[in-house]
Amino acid sequence: MNHRLLWAAALIVGTFMILPLLVLVFFAFSSSPLLRLPLEGLTFKWFLRLAETQGFLGSLTNSLLISASVGIASTMIGTLAAFGLSIGKPRFSGTYVSILALPLMVPPLVLGIAFLSYFSGLGLRLGLHATIIAQVVTLQPIVILIVVSRLSGFDWAAVDSARDLGASTWRTFIDVTFPMIRPTILGAALIVMALSLDDFIITFFTIGGENTLPTLLWGMMRKGIDPRMNACALIVVAFTLLLGVIAMRLTRNPD
Amino acid sequence: MSQEFEKLRKAGLAVSSPSGLAQFRSFGLTTRRDFLRLAGAGTLMVGTGLGHRSAMAAETVNFFGWQDYDTALDAKGFFAANDIAVKSTYMTDNNEIIANAKNGGIGNMDLVTPDLLYGPFMAQLGLFEPLDLAQIPNFSNLFAPFQAMPAAKMDGQQFCLPFAWGNVVLMYNADVVKEAPTSWLDMLKPEFKGKVGLTAEMSHLVIPFTMAVAKTRAPTRITKEALADVYATLTKIKKEQARSIAPSFGDLAAQFASGEIVIAPAWEPVSVWAGEKAPALKWSFPVEGSFSFIDNMALIKDAPHKATAYKLLNQSLSPEAQANAANKNMTAVTVEKALPLLDAKPRSLYPYQDVAGFWAARGDGMPPLWPVEKGGDFVTLDDVLSGWEEFLRA
Amino acid sequence: MAGFRLPRSVGLLSPSLGANAIFFVVPLVYFFVLSFLQVRSFQVVFDPTTSNYVRVLQQYSAPLASTLSLAVTVATIVTVVGFIYASACRFIGGSKGGWFLAIAMITLFGGYLAKLYAWRTILGENGILNTGLIELGLIQSPITALLYNNFAVILALTHYTLPLAILPIYGSLRAIEDLPIAAARDLGASDGRILKDIILPQCATGLFSAFAMTLLFVSGDAIAPRLLGGTSSSMIGVFIQDQFGFRVNAPMGSALAFTVIAGSAIILVLIGLGGTRLLRLGARP
């Protein structure tokens with residue numbers, strides 16, 4: 001690979017990806033409510049106004065709670081499934097993947113209504129738990145797809161040799177397999193958490209009378225340009241960055 | 001074996017001890033115990049979601065409606081004083097009330113905020129509880145026209161409580177547009193090419209333009225041909241004059257503020273939402289007639305928290321809550337006693353000098369919804385929606 | 001000591017399949033059945049018919065086609081660009097590769113709505129791009145053709161889905177060992193050859209996952225076109241919502257939804273088959 005070309009490409013694409021976030025940060029501190037240049041002054045007032053917004057704290061808590069639960073549950077279930085697919089008979093894996101990936105194929109609006117009808121039809125109460133279940137079902141295919149991609153070229157020799165040396169299945173997973181695919185699993189977990197944090201269509205239908213950050217922001221849209229959105233986005237970015245760093249640290253090789 | 005060992009060593013799993021024997025190592029935090037701890041914490045988090053979340057307050061109510069209509073009710077610490085916790089999900093479209101209520105919301109939702117244009121339709125679909133006015137003594141606070149409004153009732157029962165209102169007016173950038181426009185059709189003028197704003201709110205476009213194009217004061221009782229003419233005009237404006245279709249009125253305000261548009265059908269609050277640095281926004285009530293929206297409080301059928309909901313319904317018609325709503329949202333109040341409590345800005349936006357007269361001039365207040373069933377020459381709601389979709393696609 | 005593999009794989013799969021079956025398959029089957037029923041006076045009546053699907057194809061072919069073609073466009077761009085970026089992350093030596101990956105992960109967050117608004121700020125008439133270009137003297141008056149059209153929608157959706165796509169591609173690239181590549185290079189193989197014969201076949205799964213996720217996300221999306229698209233709105237999501245809402249016609253809404261699903265499925269199957277042919281898969285190392 002021509003390294004210089006790759007470097008250039010990566011820099012361009014990287015800048016493209018980061019740019020809107022920089023815009024967010026910029027305007028979160030801009031004193032003018034109009035989102036345009038020239039920049040008039042810097043201020044923290046949007047953050048203060050956001051904190052004062054009734055329902056903000058509740059939405060934030062709900063978002064974090066749902067996102068964390070969904071992230072953990074989907075990653076666990078999805079990783080298990082990915083392993084099942086990888087070590088099972090290849091003949092069936094295609095079918096399984098299709099069935100498991102079905103939730104990804106349905107427009108979120110329909111999924112939302114489907115879950116709403118289903119939960120009420122069964123007499124189940126709506127709420128955070130309903131949203132968590134709905135999101136786990138919808139998002140775990142992503143974990144499966146990501147982990148399966150990683151496992152498709154996985155070298156099972158290390159696993160086999162550990163087994164040969166007498167390690168139990170669990171031990172082998174923890175000490176051999178997991179470290180090798182740790183970044184992939186963590187990445188999948190972070191993606192699921194991001195998508196969960198961002199989701200508002202499915203949440204909208206299943207949460208039964210509460211708000212998450214996205215539904216709060218969506219509702220704010222009625223009244224117009226709101227730099228509080230940028231302040232909110234900045235908080236979310238900072239928060240998840242922190243989580244990501246912690247996650248990476250916690251599971252790192254201690255030497 | 002050495003090749004495997006090499007692999008294991010690379011994975012950080014094995015080290016060679018000084019004696020030359022292979023040894024395995026385990027990572028600090030990834031022992032089985034710690035993994036289980038992590039899993040346990042995760043399950044606990046899911047569990048707390050599954051369990052019944054104990055509310056801090058004694059009574060909860062679910063609210064599915066416009067943002068800040070709920071917080072407006074909390075005038076002078078009403079919620080705390082009455083130990084009420086309002087759990088809100090915010091909507092962006094009346095469509096969503098129907099989608100939610102019809103597909104499983106009944107039995108799960110309490111308060112909603114329908115527009116009075118669609119209120120009767122929703123009542124007909126059986127989505128609402130008839131209101132027991134004995135539990136709403138503040139009902140008598142309403143201006144007379146709102147108390148009498150037929151659209152809020154069905155078969156002699158009250159289904160909706162008029163809560164806030166406003167008008168669809170022809171708003172323009174007074175810095176750029178020197179002469180006040182007088183007709184909806186002014187939006188077709190060549191000088192506004194590319195500078196016209198539109199929103200995705202169907203009734204706010206179709207009804208005023210029906211008044212202008214079909215020249216009728218009963219805009220929801222028209223023939224197929226008339227409807228086709230209306231949509232043809234709207235499509236023309238969309239294709240030749242408009243910059244985009246704004247998804248919300250807040251967006252429209254942003255477009256006015258940045259100068260991208262100079263004329264649009266809008267609400268009075270838009271002039272405030274555009275911000276202090278925005279150009280001077282004025283509006284006129286076109287000669288063909290204009291249209292108003294009235295947002296209501298309503299109760300969904302089989303609401304799980306009726307008693308508490310009634311407290312809020314009553315509160316919504318109190319002068320304090322009404323003034324709070326107007327001051328926050330720049331909407332108009334439906335209760336006379338709220339007028340002295342209004343701030344200067346929201347007060348200046350509406351024809352408060354003679355509310356009764358204003359509404360009396362509008363006949364029964366709201367035009368009735370387009371007929372929902374076929375029969376006769378007039379187009380049905382479905383025809384209008386169908387045409388709207390085509391309009392969006394054009 | 002391979003052991004009998006089948007029961008274990010079933011065990012591993014069961015939480016996923018179970019959750020799927022109970023909470024997803026059942027309601028979806030209900031809606032599928034519903035799509036064949038009709039509505040009279042706003043109540044669903046049991047009168048099985050295919051008329052809903054006929055109406056879908058008659059009235060909604062244009063928006064269906066444009067939604068799906070937009071989705072394919074974005075998915076293609078994202079897969080190609082994602083592959084290049086993921087390759088950079090994988091093959092650039094040292095910790096820099098990790099930094100590039102970290103940037104992709106950071107971009108994941110920040111909120112969908114907020115990002116869409118950021119693009120409006122960037123592309124608008126008085127936006128950053130235009131004011132910047134005017135300041136630099138490159139243009140005289142603002143370019144209006146940046147916003148409120150398909151270009152803006154594609155740009156914003158590409159930006160949003162790129163980090164999502166990079167992960168699976170990176171995952172499968174990681175699985176490729178350095179050794180065979182180094183060996184091939186020692187034997188004199190060109191970069192192009194290495195790419196075609198070693199790298200691409202092994203990351204086929206990752207590429208397909210990235211394409212599929214992006215395609216499905218975009219075809220179901222209705223917000224970006226509303227905020228950034230022009231006056232010609234033709235994304236199917238809005239119409240589905242109307243059917244479940246004002247038009248009180250859940251069967252029609254279901255029929256629309258399943259048609260979208262079928263369309264996406266057909267595209268994915270075609271891509272899958274075509275891709276397999278292209279990369280000559282089946283020749284496992």
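These values consider heavy atoms only, across backbone and side chains, with no hydrogens, waters or symmetry-generated copies.
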Is C:Phe258 in contact with chain A via its backbone, its side chain, both, or neither, using a 4.5 Å heavy-atom distance? neither
Pick from C:Val26, C:Val81, C:Leu268 with the largest number of heavy-atom pairs that fall under 4.5 Å of chain A: C:Val26
If you round to the nearest 0.5 Å, how far is CG of A:Leu6 from OH of C:Tyr85? 11.5 Å
Flag the pair C:Phe31 / A:Ser117 as yes when at least one side-chain heavy-atom distance between them is below 4.5 Å, and no otherwise. yes
Most contact-rich option vs chain C, by heavy-atom pairs under 4.5 angstrom, among A:Pro108, A:Ala194, A:Pro103, is A:Pro103
Per-residue contact mode, C:Ala250 against chain A (heavy atom under 4.5 angstrom): neither
Looking at OG1 of A:Thr15 and CD1 of C:Ile103, how far apart are the two atoms once the value is rounded to the nearest 0.5 Å? 7.5 Å
Atom pair CD1 (A:Ile113) and CD (C:Gln241), whose distance is rounded to the nearest 0.5 Å: 7.5 Å
Below 4.5 Å, heavy-atom pairs only: which of A:Leu11, A:Leu19, A:Thr79, A:Val147 has the largest tally toward chain C? A:Leu11
Using non-hydrogen atoms only, which part of A:Leu122 is less than 4.5 Å away from chain C: side chain, backbone, both, or neither? neither
Would you say C:Phe23 and A:Thr138 make side-chain contact, with heavy atoms under 4.5 Å? no
Identify which part of C:Ile166 has an atom lying under 4.5 Å from any heavy atom of chain A, answering side chain, backbone, both or neither. side chain
Under 4.5 Å from any heavy atom of chain C, what part of A:Leu22 do you find: side chain, backbone, both or neither? neither
Residue pair C:Thr107 / A:Met17: nearest heavy atoms and the distance that separates them: CG2-O, 3.0 Å
Under 4.5 Å heavy-atom distance to chain A, tell me which part of C:Ala210 shows up: side chain, backbone, both or neither. neither
Set out, in order, the CA-CA distance, both residues' side-chain angles and the distance that settles side-chain contact (heavy atoms from CB on, under 4.5 Å) for C:Phe24 and A:Tyr118, then state yes or no. CA-CA 9 Å; C:Phe24 173 73; A:Tyr118 190 60; over 6 Å; no
Does the ring centre of A:Phe16 sit less than 6.0 Å away from the ring centre of C:Trp119? yes
Please determine whether side-chain contact (heavy atoms from CB on, under 4.5 Å) holds for the pair A:Val110 and C:Val260, giving the CA-CA distance in whole Å, both sets of side-chain angles, and the decisive distance to 0.1 Å. CA-CA 11 Å; A:Val110 180; C:Val260 174; over 6 Å; no
4.5 Å side-chain heavy-atom contact, C:Leu28 and A:Val106: yes
Out of C:Leu155, C:Ile22, C:Ile169, return the one with the most heavy atom pairs under 4.5 angstrom to chain A. C:Ile22
Tell me, for C:Ile122 versus chain A, whether the close heavy atoms (under 4.5 Å) come from the side chain, the backbone, both or neither. side chain
Is chain C contacted by the side chain of A:Ile181, its backbone, both, or neither, given a heavy-atom distance below 4.5 Å? neither
Heavy atoms of C:Ile84 and A:Ala9 approach each other most closely as CG2-CB, 3.6 Å
Side-chain (C:Tyr30) to main-chain (A:Ala114) donor-acceptor, under 3.5 angstrom: no
